[in-house]
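Every number for a ligand or one of its atoms is a count from 1 in the order of the listing. Atom set for the values below is all heavy atoms of this structure, side chains included, hydrogens, waters and symmetry mates excluded. Remember, predicted model here, so these are calculated numbers, not experimental data.
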Amino acid sequence: MVTSVLPRVESLASSGIQSIPKEYIRPQEELTSIGNVFEEEKKEEGPQVPTIDLTEIESEDKEVRERCQQELKKAAMEWGVMHLVNHGISEELMDRVRKVGQKFFELPVEEKEKYANDQSSGNVQGYGSKLANNASGQLEWEDYFFHLIFPEDKRDLSIWPKIPSEYTEVTSEYARQLRGLASKILSALSICLGLEEGRLEKEVGGVEELLLQLKINYYPKCPQPELALGVEAHTDISALTFILHNMVPGLQLFYQAKWVTAKCVPNSIIMHIGDTIEILSNGKFKSILHRGLVNKEKVRISWAVFCEPPKDKIILKPLPETVSETEPPLFPPRTFAQHIEHKLFRKTQDNLSN
Ligand code: OGA
Ligand code: NI
C-alpha cells in the first residue's frame, strides 16, 4: 500500500508558507460560503444559536422544572445545538481542562508524535490528523488528540498525555462531571418525549456502555483561511456532544439554509444533539449540520466530548412511542457501526457523482 506522509497541519502552518497545499482547498461551490470568522461572529442580525439556562433543570418545583425542560425541548427540536449555561460544571474545572490540553499541544510536534495514532491498524486513539479518504484527497486544517475518557474501566491510560502531569487527573474529573450532565440532559429529553425519565439513558447504553470520547481539535493559524475548513460540514453521529473551546470563534451551524456563526459565550458548554438521539426520537430532536472555520490570527482549540452508544450491541431505531400513523419511522434500524458505514457509503456516492 502506498502511504504518503503528510506533515501535521501545525508543522505546515509554522513553516511560513503563504499559500496552502491544494489538498486543503475546498471545492469551488463551497468557497463562496466561507467568510472571515471574526466578521461573521460580530453579525447580530438573523437567527442565533439558543442559550439554555439549566439552573432549574432539577428544581423541586414542578412548574419551574417544566419551564426549563420546555426551553431545552424547543432548542433541541428547532436547532439541535445550544449554549448551555449554569450547567453545574465549575469555571475552574473548565479552565483546568483547557489549560492541560493547551499545554500538551504546546509541546514540540516531535514530542506529540510519540502519541501518534495508527488509523491503518485501527488504533484511532492518540495524536492524529485526517487522512484523505477519497479521490479528491480533501484534508482539514487541524490536528487532534482523540481518546476514550469514560467509563473509567474502558480507558487506556497508557496512551493519555503524560505531559502536563495533571492531564489525567483533570480530564478524568471533567469526564465524571460531564457524564453526570449527560444523564440530566437525557432524563429531561426523555420527559420531553413523554417517556419515562431513564429511558433515553437506557436506550444509549446506560452507565456501563455509553462511551465518552474526547477529541481535542487543534486548529493552527491558516494563511488562507477563506480557502480551507478546520472541520468539514457534518452531523455528529453521537447521542450528545459537549464542546468547550478557547473563546476563538469557528463553529458554524447550517440553519434555515444559511451558515450561522456561533458566538463565544463565557462559561458555556455547547451541546449538540447527535444522530443517535435524532434517530431514537424519530427526528423530533435534530442533529444539525455544522463545520469549523479557521483564521489567520489566532490558534483555535476545542474540546469535543462525544457520548456514543456501543458499536454493535444496540439497534438504533425510532422508539415506538415516537412513531404513529401520521409520523412513520424516518430511519431504518441500524447499529451504531452500521450507521457509520451508511454515512461513509453515502459520502462516497456523493463524491462519485460529482
Ligand atoms: C467536531 C466538531 C467543532 C468545533 O469535532 O465534531 O464539530 O467547534 N467540532 O471544533
Ligand atoms: Ni461535530
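Y218 does not carry R300 over the face of its six-membered ring by the limits of under 6.0 Å from the centre and within 45° of the normal.
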Before you tell me yes or no, could you show the steps for D275 and K343 under salt bridge (charged side-chain N to carboxylate O under 4.0 Å, His left out), namely the whole-Å CA-CA distance, both residues' side-chain angles and the distance that decides it to 0.1 Å?
CA-CA 11 Å; D275 299 349; K343 269 187 128 176; 2.7 Å; yes
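Around the Ni ion (ligand 2), the protein contributes the following N, O or S atoms at distances under 2.8 Å: H234 NE2, D236 OD1, H290 NE2.
Put simply, the residue from E142, E232, E23 that forms a salt bridge (Lys or Arg N to Asp or Glu O under 4.0 Å) with K130 is E232.
Applying the ring-ring contact (aromatic ring centres under 6.0 Å, His included) test to H245 and every residue at least two apart in sequence or in another chain returns nothing. For F331, there are no ring-ring contact (aromatic ring centres under 6.0 Å, His included) partners, not counting sequence neighbours.
A distance of 8.0 Å separates CD in Q224 from CD1 in I17, rounded to the nearest 0.5 Å. Once rounded to the nearest 0.5 Å, the distance linking CG of L186 with CG of L210 reads 7.0 Å.
Note: Y115 and F145 have perpendicular aromatic rings, judged against thresholds of 30 and 60 degrees for the angle between ring planes.
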N/O pairs closer than 3.5 Å, ligand 1 and protein:
{"unit_1": "ligand 1", "atom_1": "5 (O)", "unit_2": "N217", "atom_2": "ND2", "d": "3.2"}
{"unit_1": "ligand 1", "atom_1": "6 (O)", "unit_2": "H234", "atom_2": "NE2", "d": "3.0"}
{"unit_1": "ligand 1", "atom_1": "6 (O)", "unit_2": "D236", "atom_2": "OD1", "d": "3.4"}
{"unit_1": "ligand 1", "atom_1": "7 (O)", "unit_2": "H234", "atom_2": "NE2", "d": "3.2"}
{"unit_1": "ligand 1", "atom_1": "7 (O)", "unit_2": "H290", "atom_2": "NE2", "d": "3.0"}
{"unit_1": "ligand 1", "atom_1": "8 (O)", "unit_2": "R300", "atom_2": "NH1", "d": "3.2"}
{"unit_1": "ligand 1", "atom_1": "8 (O)", "unit_2": "R300", "atom_2": "NH2", "d": "3.0"}
{"unit_1": "ligand 1", "atom_1": "10 (O)", "unit_2": "Y219", "atom_2": "OH", "d": "2.6"}
{"unit_1": "ligand 1", "atom_1": "10 (O)", "unit_2": "R300", "atom_2": "NH1", "d": "3.3"}
{"unit_1": "ligand 1", "atom_1": "10 (O)", "unit_2": "S302", "atom_2": "OG", "d": "2.6"}

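With salt bridges taken as basic N to acidic carboxylate O contacts below 4.0 Å, none links E60 and R65.
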